[in-house]
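Order of appearance sets the numbers: ligands from 1, and atoms from 1 within every ligand. All values derive from a computational prediction rather than experimental measurement. Here, residue 1 is the first one in the sequence, and each next residue gets the next number.
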Amino acid sequence: MNSSTSRRRALILVDLQNDFIREGALAVPAGEEVIPIANRLIPHFEVVVATQDWHPANHQSFAANQAGLTVGECFQLHGLPQIAWPVHCVQGTNGANFAAELNVDALHHIVRKGDAPEIDSYSGFFDNGGRRATGLEQYLREANVSDVFIMGLATDYCVKFTALDAVRLGFKTHLIEDGCRGVDLQPGDSQRAIEAMRAAGASITSQNRWP
Ligand code: VGL
Ligand code: ZN
């Protein structure tokens, strides 16, 4: 089988960063529980990619940068629906660093996103307007990746939109459901996100697939 027909499998670790776990600025409930799962699964994949939320301090998704808005409120940001978030994952801060326990030496590629102040970027592939690509698609294609296995934080935001873009781009897309945790601003958001990923064509799998 030549390289153009080979099917390589990539693990995509979404936003396993300090601000999304424990006492982080945008802590996802029980978010830290997925770090050991990531470390355990890494050796099973030929390609391992991590995304990293990477905002400038003046990012316009931060409630603190929007007069009159409080965290959790929805507003329009340059024509796109946006949730006002706490200041998080500011470039160069400890909150933006990968979780200390994550086996970062095993990562083949890191994708930084959300660096343009005027637009958010939940997906690891494109900004929320679907305009600017991060380079992840090109990286995966050059690595002859056919299947992507996605896990991380948060189920209802960055995991969801990364998976939906992966399906749309034609990757066979698998969600490692128990490798994800969600924000659940509204109760049920994570479950609805999983349903949306399934409906779009992602297959839902579990870490038990690699015993
Ligand atoms: C995320 C909200 C804001 C995520 C990132 O990683 O899911 N959520 N920025
Ligand atoms: Zn963010």
With sequence neighbours left out, what residues match Gln76 under side chain to side chain contact (heavy atoms under 4.5 Å, CB included)?
Pro81

If you look at each N/O of ligand 1, which protein N/O atoms lie under 3.5 Å away, and at what distance?
from	atom 1	to	atom 2	distance (Å)
ligand 1	6 (O)	Asp15	OD2	2.6
ligand 1	6 (O)	Leu153	O	3.4
ligand 1	7 (O)	Ala154	N	3.0
ligand 1	7 (O)	Cys158	N	3.0
ligand 1	9 (N)	Asp53	OD2	3.1
ligand 1	9 (N)	His88	NE2	3.1

So is Arg181 actually on top of Phe20's ring, under 6.0 Å and inside 45° of the axis?
no

Which ring pair (Phe, Tyr, Trp, His ring centres under 6.0 Å) pairs, counting each pair once, include a residue from residues 94-116, with sequence neighbours left out?
His109-Tyr139

Using distance alone, with no hydrogens and no angle criterion, decide if Glu142 and Gln138 have a side-chain donor and acceptor under 3.5 Å apart.
yes

Which protein N, O or S atoms lie under 2.8 Å from the Zn ion (ligand 2)?
Asp53 OD2, His55 NE2, His88 NE2

Aromatic rings His59 and Phe62: how do their planes relate, parallel, tilted or perpendicular, breaks at 30° and 60°?
tilted

According to the interplanar angle, ranging from 0 to 90°, do the rings of Phe149 and His174 count as parallel (below 30°), tilted (30 to 60°) or perpendicular (above 60°)?
parallel

Nearest heavy-atom contact between Gln17 and Gly95 is CB-O, 3.8 Å

Is there side-chain contact between Trp210 and Ile176, with at least one heavy-atom pair below 4.5 Å?
yes

Where the side chain of Asp19 meets the backbone of Ala25, is there a donor-acceptor pair that is under 3.5 Å apart?
yes

